[in-house]
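Proteins get letters first, then strands, A, B, ... in listed order; numbering begins at 1 in each.
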2 protein chains.
Amino acid sequence: MVISADIGLFDFSVENSIINAKKSIFKYIRSMLSKKTKYGIKALAFIAKKGDRKPVQTSEISKSENISQKFLESILLELRKSGFLGSKKGKGGGYYLIKEPEDIRMTSVIRVLEGPIAMVPCVSLNYYEKCDDCPSEEACSVHSLMIQVRDSTLKVLGDNTLADISAKK
Amino acid sequence: MVISADIGLFDFSVENSIINAKKSIFKYIRSMLSKKTKYGIKALAFIAKKGDRKPVQTSEISKSENISQKFLESILLELRKSGFLGSKKGKGGGYYLIKEPEDIRMTSVIRVLEGPIAMVPCVSLNYYEKCDDCPSEEACSVHSLMIQVRDSTLKVLGDNTLADISAKK
DNA sequence: TTTATAACCTACTAATCCGATAGGTTAATA
DNA sequence: TATTAACCTATCGGATTAGTAGGTTATAAA
């Protein structure tokens with residue numbers, strides 16, 4: 001019985017790695033950071049890099065960063081509505097930062113564009129939601145693990161400002 | 001212009017917080033950890049808690065942890081195929097651990113059930129994939145940030161074993 | 001040897017979200 | 001007055017998630 005279990009383990013491990021290989025080649029890899037958030041951060045970094053406060057057009061960012069212009073428009077609009085950017089219409093218009101890059105933490109950007117930073121709503125600070133299945137969060141084996149993950153992620157994202165990530169070249 | 005920008009900021013910040021409030025009440029909160037993975041970890045912890053190596057039935061775990069039995073079946077099957085569990089058919093059958101809980105790291109469980117741990121494929125160690133839009137990963141403002149997040153998450157998940165999370169009560 | 005059990009397998013589904021597209025309106029500049 | 005660029009509304013295909021349904025195979029007990 002032990003032997004057959006071992007053989008089973010071996011066979012299936014091989015089989016599984018093939019499945020995973022196929023997965024990575026042919027299938028969509030689930031990403032925890034949406035393109036929306038990714039594009040939003042890139043756009044903010046692009047604007048921050050320019051340094052001056054002159055409005056930057058969506059079209060310029062779109063071309064330079066290979067982002068669909070229409071999609072980017074909606075993202076920048078959202079960033080304006082949530083207080084990261086100011087805007088100016090008409091010729092010479094565009095978007096500009098209304099805070100110093102040093103004062104824009106990645107946590108706040110991601111919370112606006114992506115939503116919760118925690119991997120699970122029941123440990124989210126800003127988007128908390130109780131699990132339907134868990135009678136007690138203390139008894140849940142996943143809960144404390146996810147709190148640890150949340151805190152370590154929060155530390156990284158809270159320590160990094162727009163100034164930090166746009167300094168990289 | 002500065003004044004109108006400020007007013008705009010204020011108005012929209014308020015509006016946005018209302019939108020977010022509605023979001024958390026009425027809408028689905030995106031979770032980075034699928035229920036599949038969550039249930040899988042819970043099931044492993046359940047089996048580990050029992051201590052002895054006697055097979056545990058899917059139905060028992062399903063009832064105790066409030067998980068759809070059919071869904072759980074598919075998860076435990078996957079955990080067996082990827083080498084975490086052994087199984088026994090027929091009466092008195094079920095699933096049992098084939099490794100010590102101390103030797104099962106959360107990183108490996110999550111990689112099997114969820115896929116990549118990184119937030120973005122371009123910084124994933126086990127599921128790497130190049131971004132279509134980025135010409136250079138070094139120049140990407142998101143890249144190094146995501147590496148930091150990945151490493152801190154990896155640290156937490158690598159330090160926690162099944163023994164650690166099932167010890168909690 | 002039959003019967004009950006529980007793992008195993010295959011296929012399908014509703015709901016949801018993501019990323020994008022299309023087409024138009026408003027406001028500011030030249 | 002014409003052009004520009006932000007702003008707004010609606011819609012969509014493709015993909016995933018979290019199941020459900022219904023059966024087959026292997027094992028243990030009767």
Side-chain angles (χ1 to χ4, degrees), chain A residues 1 4-5 8 11-12 15 23 26-40 43 47 54-63 66-81 85-96 113-115 120 131-133, chain B residues 1 4-5 8 12 15 23 26-40 43 47 54-63 66-81 85-96 113-116 120 131-133:
Chain A
M1 213 273 288
S4 72
D11 284 344
F12 284 124
E15 183 187 290
K23 211 175 180 180
F26 300 112
K27 282 212 176 175
Y28 172 82
I29 297 276
R30 173 190 160 85
S31 177
M32 289 169 178
L33 195 81
S34 65
K35 293 206 169 180
K36 179 176 148 191
T37 304
K38 185 180 148 195
Y39 293 163
I47 296 171
K54 275 197 286 186
V56 183
Q57 284 101 30
T58 307
S59 60
E60 185 186 349
I61 306 173
S62 153
K63 276 170 209 155
N66 300 308
I67 306 171
S68 148
Q69 182 169 342
K70 280 288 188 178
F71 190 27
L72 184 59
E73 272 183 17
S74 69
I75 297 166
L76 294 179
L77 200 56
E78 198 170 337
L79 285 171
R80 196 218 65 192
K81 288 188 183 176
L85 296 172
S87 68
K88 214 179 134 189
K89 285 187 176 181
K91 187 159 195 180
Y95 291 98
Y96 51 90
L113 293 176
E114 190 80 16
V120 138
C131 300
D132 337 336
D133 52 308
Chain B
M1 217 275 286
S4 73
F12 284 124
E15 184 187 290
K23 211 175 180 182
F26 299 111
K27 282 214 177 175
Y28 172 82
I29 297 276
R30 173 187 160 87
S31 177
M32 290 168 176
L33 196 81
S34 65
K35 293 208 169 178
K36 180 175 147 191
T37 304
K38 185 181 151 196
Y39 292 163
I47 296 170
K54 276 195 287 185
V56 183
Q57 283 99 28
T58 307
S59 59
E60 185 186 347
I61 305 173
S62 153
K63 276 171 208 153
N66 299 307
I67 305 171
S68 149
Q69 182 168 343
K70 280 287 190 180
F71 190 27
L72 184 58
E73 271 183 19
S74 69
I75 297 166
L76 293 179
L77 200 56
E78 198 171 338
L79 286 171
R80 195 219 64 193
K81 288 186 183 177
L85 296 173
S87 67
K88 215 179 132 187
K89 285 185 176 183
K91 187 158 195 178
Y95 291 97
Y96 51 90
L113 294 177
E114 191 78 17
V120 138
C131 301
D132 335 336
D133 53 308

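For the pair B:Ser68 and D:dT20, the criterion of a side-chain N or O lying under 4.0 Å from OP1 or OP2 is met. Here A:Tyr39 does not reach the OP1 or OP2 of C:dG19: none of its side-chain N or O atoms lies under 4.0 Å away.
Between the side chain of A:Ser62 and the main chain of A:Ile67, a donor-acceptor pair closer than 3.5 Å is present. Using a distance-only test at 3.5 Å, with no hydrogens or angles considered, a donor-acceptor pair links the side chain of A:Glu114 to the main chain of A:Ser34.
Between the CG atom of A:Leu72 and the C1' atom of D:dA6 there is a distance of 12 Å, rounded to whole Å. Taking atom CD of B:Glu78 as the reference point, atom P of C:dC9 lies 12 Å away to the nearest angstrom. Following rounding to the nearest Å, A:Glu60 (CD) and D:dA6 (C1') show an atom-to-atom distance of 15 Å. Atom-to-atom, CG of A:Asn66 to P of C:dA20 comes out at 11 Å; the value is rounded to the nearest Å. Rounded to a whole Å, the CZ atom of A:Phe71 is 17 Å from the P atom of D:dA6. Rounded to whole Å, atom P of D:dA18 lies 11 Å from atom CG of A:Asp132. Atom-to-atom, NZ of B:Lys38 to C1' of D:dA18 comes out at 12 Å; the value is rounded to the nearest Å. Straight-line distance from the CG atom of A:Leu85 to the P atom of D:dA5: 17 Å, rounded to whole Å.
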Report the C-alpha separation of A:Cys131 and B:Lys38 in whole Å, then their side-chain angles, then the decisive distance to 0.1 Å, and conclude whether the side-chain contact (heavy atoms from CB on, under 4.5 Å) test is met. CA-CA 11 Å; A:Cys131 300; B:Lys38 185 181 151 196; 3.5 Å; yes
Could you check B:Leu77 against B:Tyr95 for side-chain contact (heavy atoms from CB on, under 4.5 Å), going step by step and ending with a plain yes or no? CA-CA 9 Å; B:Leu77 200 56; B:Tyr95 291 97; 3.8 Å; yes
Using a cut-off of under 3.5 Å, enumerate the N/O to N/O pairs linking the protein to nucleotides 1-8 of chain C.
residue	atom	partner	partner atom	Å
C:dA6	O4'	B:Gly90	O	3.3
C:dA7	OP1	B:Thr58	N	2.9
C:dA7	OP1	B:Thr58	OG1	3.1
C:dA7	OP2	B:Thr58	OG1	3.2
C:dC8	OP1	B:Arg80	NH1	2.5
C:dC8	OP1	B:Ser87	OG	2.5
C:dC8	OP2	B:Tyr95	OH	2.3
C:dC8	N4	B:Glu73	OE1	3.0

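The residues A:Asp133 and B:Lys35 are annotated as not salt-bridged, no charged nitrogen and carboxylate oxygen being separated by less than 4.0 angstrom.
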